[in-house]
Amino acid sequence: MSNPQDDNEISAVTAAQVARIADHGIYASATELDPAAANLAQALVATLDGSAERPLLTPELQQLVEQVQARATLDRPWITAHDEVRLSAFTIKLNGDEPRPVVIVPAGWTPLGWTIFAYAYLQLAMRGYHVLAYTPRGIGQTFPLLGGGYADAFFTSGGTIDVAGPNDWRDGSTVIDYAQRHFEPSKIAFLGESYGSGISQLVAAHDPADRVDAVVALSTWGNLATSLYDNGTRHLKAVDALVKLTGGPKERKFDAPTLKLLEDFEAGTNMEEVVDWATERAPAHYLAETNARNVPTFFSNTWHETLFAANQVVDHFEQLTVPKHLNLWIGDHAAPEGAGLTIPFSGPNLPVEEAFAWLDHHVLGAANGVPEWPAVNSQIMFTYKTQTDPETGKTVITEPAVREPKPSWAEVTTSTESWYLTSVGSDSRDGGLAGEEETGWKREFTAGRLTDATAVDALIKTGQAEWQGTPKAYPTDTFDRRHLAVWTSAPLDAGANGTARRIRGVPELTLGVRSSAASATLVAYLFDVSADDTARIITHEPLTLTDLTPGEEHTATWKLQAAGYDVAAGHRLMLVVNSKDQLYSDALTDAGADSGTTTITSVDGEAAHLKLPLG
């Protein structure tokens with residue numbers, strides 16, 4: 001990515017670039033922003049600050065810039081933190097003496113800092129807000145110089161990354177101080193996506209003067225500890241991607257103690273210290289403070305989140321007593337809202353429009369129906385209708401996925417049913433899923449191998465394709481039964497509503513396990529299988545067991561990630577258990593071994609079963 005301080009490296013934004021962002025999101029991969037999104041952000045900023053020497057924007061974007069420039073003063077200040085670290089910021093101050101609220105936007109974990117969502121700041125200004133966006137300390141591009149050393153981009157903040165720790169909370173309060181001096185706002189809101197969303201929640205919980213009036217937290221976390229390490233399993237791929245997306249070498253971006261924690265996490269050592277460090281950065285750890293302050297908080301996440309899995313957000317949301325709302329969408333991290341914060345759409349982008357409506361009510365005072373919203377609104381996988389465009393060959397969504405409003409998360413699940421793992425299924429190679437328990441059987445596989453049963457092909461990108469109407473297809477015949485075990489139901493009959501099963505909530509799996517090693521990783525996947533044996537993933541979750549006695553029976557129970565999924569009549573449920581997924585640590589690798597034997601069993605008194613939530 002070029003240095004955006006050089007206008008010669010910025011190309012004119014084209015309709016094709018805007019369409020690309022709309023289709024593919026703002027990420028080229030989990031470790032790189034899409035060049036189209038980066039170029040658009042740079043072109044917007046260059047136009048806004050007058051440094052562009054030629055037209056760079058589409059007519060629609062140029063018109064928006066001119067509208068904001070006509071009614072506001074724009075600036076790029078530096079805000080000095082308590083320890084003299086300088087934070088790069090961008091402000092839009094609306095003209096006139098009328099008291100107005102300010103929306104403060106801490107940037108996400110992105111090498112482009114505050115610039116990536118410049119379009120959103122213009123949209124907020126047009127809705128009647130002052131805007132103050134800033135890059136959290138340490139975040140932003142850092143460029144190596146030919147003669148040695150480094151130079152920072154104008155949007156890169158000083159210091160090292162605190163990973164939403166106490167320095168970031170204090171920086172948030174310092175930014176509020178600046179906003180009060182600069183805008184004299186009527187109210188103060190925080191809006192953040194990803195990293196910025198966690199900081200937003202934490203500043204609201206810790207600001208000494210309790211000055212935050214509302215929060216919007218998009219693609220967020222409630223518990224950073226369980227986002228990184230849960231069920232004894234480290235989420236290695238997510239952390240590796242985040243470290244590579246800071247905008248510079250990690251030795252420059254993190255201080256020595258944080259580098260040590262990252263090394264410990266990667267190696268699986270001193271995990272108690274890592275968990276304590278991450279728990280300090282978890283909004284869920286400060287429930288009492290947040291509830292006492294009663295800050296209205298809007299959450300948005302995805303069913304197939306690979307960075308901040310859904311369950312920890314749901315758990316946090318359920319314990320909050322503040323005015324609150326939770327949207328769960330199809331896809332993965334930032335897929336629903338990323339493009340909506342970056343580019344104009346031909347129609348409304350609901351994930352962003354609903355977030356703005358939350359602010360409009362709680363800080364602008366708009367009578368827009370927000371108080372009557374259901375607490376939870378879940379998009380159901382994969383109920384959208386699609387067709388193939390004959391000219392481009394692209395899959396196009398013709399009907400958006402169904403959304404289901406509920407008064408609370410507790411009311412998402414109305415009943416449960418147990419599917420028992422059995423010795424023989426419809427395929428002679430596999431076990432079955434049935435309504436009657438069966439014990440005394442075993443299924444054995446060689447552990448330590450990646451298989452085609454996997455959560456995603458790629459962080460973020462697989463989920464972006466889901467969001468656009470093309471969920472990953474799994475040819476189940478390629479599942480190598482030497483390295484996993486499979487249990488499949490018979491074809492399911494249609495229910496009263498036409499679907500075979502309305503899965504709503506958090507599935508739970510119980511089974512017996514014997515391992516040839518003193519530790520074992522089990523990764524469970526629940527699939528929806530069509531008549532042609534092609535599957536779509538419903539949910540999954542890993543579990544790592546330690547301190548096992550090799551060869552002895554152990555009963556394991558763990559929760560899979562929450563799901564909202566309709567299984568069509570005639571389809572089958574398929575449960576797969578293997579020992580390794582590219583997203584996670586696994587017991588054999590941690591032990592320095594490359595193979596072992598895992599045996600799944602069903603024992604008297606605790607028959608192996610899948611508890612399926614229905615709604």
Min side-chain heavy-atom separation L610-L526 under 4.5 Å:
yes

- Query: Would you say the side chains of N377 and E404 form a donor-acceptor pair under 3.5 Å?
  - Reply: no

Residues at least two apart in sequence or cross-chain that pass ring pair (Phe, Tyr, Trp, His ring centres under 6.0 Å) with F308, listed by chain then number, are W221, H333

The ring pair (Phe, Tyr, Trp, His ring centres under 6.0 Å) partners of F265 (sequence neighbours excluded) come to none

Quick note, salt bridge (Lys or Arg N to Asp or Glu O under 4.0 Å) partners involving residues 527-542, not counting sequence neighbours, are D533-R572

**Study point:** salt_bridge(R234, E266) N-O dist < 4.0 Å
**Key:** no

Query - side-chain hydrogen bond (donor to acceptor under 3.5 Å, both in side chains) evaluation trace for Y27 with D332 - result: CA-CA 12 Å; Y27 292 99; D332 193 1; over 6 Å; no

Residues at least two apart in sequence or cross-chain that pass salt bridge (charged side-chain N to carboxylate O under 4.0 Å, His left out) with E353, listed by chain then number, are R127

Regarding S408 and E411, is there a side-chain donor-to-acceptor distance under 3.5 Å anywhere? yes

Exercise. Examine distances only and state if a side-chain atom of S423 and a backbone atom of W441 form a donor-acceptor pair shorter than 3.5 Å.
Key: no

Contacts of D547 meeting salt bridge (charged side-chain N to carboxylate O under 4.0 Å, His left out) (sequence neighbours excluded), chain-then-number -> none

task = Verify, without hydrogens or angle tests, whether T386 (side chain) and G469 (backbone) share a donor-acceptor contact under 3.5 angstrom.
result = no

In short, salt bridge (Lys or Arg N to Asp or Glu O under 4.0 Å) pairs touching residues 476-491 with sequence neighbours left out are R429-D477, D430-R481, D480-R482

- How far apart are the C-alpha atoms of L261 and F254, what are their side-chain angles, what is the distance that settles it, and do they pass the side-chain contact (heavy atoms from CB on, under 4.5 Å) test? CA-CA 10 Å; L261 279 160; F254 300 100; over 6 Å; no

d(E438 CD, L421 CG) to nearest 0.5 Å is 10.0 Å

Describe, in one word, how the ring planes of W329 and W467 are oriented to each other, choosing from parallel (under 30°), tilted (30 to 60°) and perpendicular (over 60°).
perpendicular

To the nearest 0.5 Å, atom CG of L326 lies from atom NZ of K406 at 14.0 Å

By salt bridge (charged side-chain N to carboxylate O under 4.0 Å, His left out), D315 pairs with (sequence neighbours left out) none

ask   = Do T413 side-chain atoms and S415 backbone N/O form a donor-acceptor pair below 3.5 Å?
value = no

Between H24 and Q464, a side-chain donor and acceptor under 3.5 Å
no

- With ring centroids as reference points, do F479 and Y525 lie under 6.0 angstrom apart? no

In short, T476 meets A535 closest at the heavy-atom pair CG2-CB, 3.6 Å

Are any of the side-chain heavy atoms of L560 and V506 separated by less than 4.5 Å?
no

Tightest non-hydrogen contact, residues P475 and A473, listed as CD-O, 3.5 Å

One should read off an interatomic distance between L433 CG and L575 CG, to the nearest 0.5 angstrom, of 6.0 Å

So the salt bridge (Lys or Arg N to Asp or Glu O under 4.0 Å) pairs with at least one residue in residues 449-465 (sequence neighbours excluded) are D457-K472

Residues passing the salt bridge (charged side-chain N to carboxylate O under 4.0 Å, His left out) test with D586, sequence neighbours excluded, are K580

N223 side chain vs Q312 backbone, donor-acceptor pair below 3.5 Å:
no

Any chance the rings of F299 and H316 have centres within less than 6.0 Å?
yes

- Message: Could you check whether any side-chain N or O of D162 sits under 3.5 Å from a backbone N or O of A164, counting only pairs where one atom can act as donor and the other as acceptor?
- Response: no

On a heavy-atom basis, the closest approach of G198 and T220 is N-OG1, 3.9 Å

key: R281 and D168: CA distance, side-chain angles, deciding distance, salt bridge (Lys or Arg N to Asp or Glu O under 4.0 Å) verdict   = CA-CA 10 Å; R281 290 155 169 79; D168 284 316; over 6 Å; no

Minimal heavy-atom distance between A518 and P550, with the atoms involved, is N-CG, 4.1 Å

- For the pair T488 (side chain) and M574 (backbone), establish whether a donor and an acceptor sit closer than 3.5 Å, ignoring hydrogens and angles. no

Closest non-hydrogen contact found for V376 with V412 is CG1-CG2, 4.3 Å

Does G432 offer a backbone N or O that forms a donor-acceptor pair with the side chain of T422 under 3.5 Å? yes

What one should report as the nearest heavy-atom pair of L492 and A500 is CB-CB, 3.4 Å

Sorted by chain and number, sequence neighbours left out, ring pair (Phe, Tyr, Trp, His ring centres under 6.0 Å) with F445 holds for none

### Any side-chain heavy-atom pair of K442 and I600 under 4.5 Å
no

Hits for ring pair (Phe, Tyr, Trp, His ring centres under 6.0 Å) against Y565, two or more places apart or cross-chain, chain-then-number order -> F382

Next on the checklist: Between W419 and E417, is there a side-chain donor-acceptor contact under 3.5 Å, judged purely by atom types and distance?
Outcome noted: yes

Is there a side-chain contact between L509 and L511, using heavy atoms and a 4.5 Å cut-off?
yes

- Task: Using modelled atom types only, decide if a donor and an acceptor are shared between the side chain of S219 and the backbone of S194 within a distance under 3.5 Å.
- Result: no

T544 and T233: side-chain donor and acceptor closer than 3.5 Å?
yes

- Message: Contact between Y229 and V275 at the side-chain level, heavy atoms closer than 4.5 Å - yes or no?
- Response: yes

Q: I would like to know whether T383 and D566 meet side-chain hydrogen bond (donor to acceptor under 3.5 Å, both in side chains); could you show each step before the answer?
A: CA-CA 7 Å; T383 54; D566 280 353; 5.8 Å; no

Here the gap from T521 atom OG1 to N231 atom CG, rounded to the nearest 0.5 Å, amounts to 10.5 Å

### Side-chain donor/acceptor of T470 to backbone N/O of A465, under 3.5 Å
yes

Ring pair (Phe, Tyr, Trp, His ring centres under 6.0 Å) pairs touching residues 584-615, sequence neighbours excluded, are H235-Y584, Y420-H609, H540-Y584

4.5 Å side-chain heavy-atom contact, V567 and L573:
yes

Is the side chain of T297 donor-acceptor paired with the backbone N or O of V295 at a distance under 3.5 Å, no angle test?
yes

